[in-house]
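Beneath this line is the structure, given in structure tokens, with notes to follow.
The first residue of the sequence shown is numbered 1, and numbering continues consecutively from there. The structure displayed is predicted, hence computed values, not measured ones.
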Amino acid sequence: QVQLVESGGGLVQAGGSLRLSCAASGSIFRLDDMGWYRQAPGRQREFTATITRGASTVYAASVKGRFTISRDIAKNTVYLQMNSLKPEDTAVYYCAASLRGVDYWGKGTLVTVSL
């Protein structure tokens, strides 16, 4: 019903920046919260950041002050600006969205941070 497609991942050196995008399509009359999760090699998937329709944001402690989540409601798109990247940020980043109490997930985009 709802499709989410992430883009913007890639290889970057420690201290560099990347901007991820997530575009939603399908039955998206009104999406509620949108956000990002990530899964590092050998680790469980973990919460990264969320944003509401009212632009309230919540960040994981590990990324607070370095990452910024934003949203373009008209374009049904959410972004994650990642600055001061560390090797520990290496992971597959997944977009998530909530619609009328139902959660949807993208396929993920790989971010690799080298030393």
Under 3.5 Å donor-acceptor, Thr77 side chain and Lys75 backbone: yes
Any donor-acceptor N/O pair, Ser98 side chain to Asp103 backbone, under 3.5 Å: no
Tyr59 side chain to Ile69 backbone, donor-acceptor under 3.5 Å: yes
Gap separating the NZ atom of Lys64 from the OG1 atom of Thr57, nearest 0.5 angstrom: 8.5 Å
Residue that, paired with Arg38, satisfies side-chain contact (heavy atoms from CB on, under 4.5 Å) out of Leu80, Val92, Asp89: Asp89
Test item: Thr109 side-chain N/O and Gly9 main-chain N/O as donor-acceptor pair under 3.5 Å: yes
Same cluster (ILVMFWY, side-chain, under 4.5 Å), Val102 and Tyr94: no
Side-chain touch Cys95/Trp36, heavy atoms, less than 4.5 angstrom: yes
Centroid-centroid distance, Phe47 to Tyr37, less than 6.0 Å: yes
Value rounded to 0.5 Å, distance of CG in Leu20 from OH in Tyr93: 7.5 Å
Main-chain N/O of Gly108 paired with Glu6 side-chain donor or acceptor, under 3.5 Å: yes
Value rounded to 0.5 Å, distance of CG in Leu110 from CG in Leu11: 9.0 Å
Flag side-chain contact, heavy atom, 4.5 Å: Arg66 against Lys86: yes
Shortest non-hydrogen contact from Met34 toward Val78: CE-CG1, 3.7 Å
Side chain Gln39, main chain Gln44, donor-acceptor under 3.5 Å: no
Heavy-atom pair with the smallest gap, counting every atom of Ser17 and Asn83: OG-OD1, 2.9 Å
Heavy-atom check, side chain of Tyr79 versus side chain of Arg19, under 4.5 Å: yes
Distance, nearest 0.5 Å, that separates CG of Asp32 from OG1 of Thr50: 12.0 Å
Residue pair Ile73, Arg53: steps toward the side chain to side chain contact (heavy atoms under 4.5 Å, CB included) verdict: CA-CA 7 Å; Ile73 294 177; Arg53 286 186 59 86; 3.6 Å; yes
Gap between atom CG of Leu18 and atom CE of Met82 - 0.5 Å precision: 4.5 Å
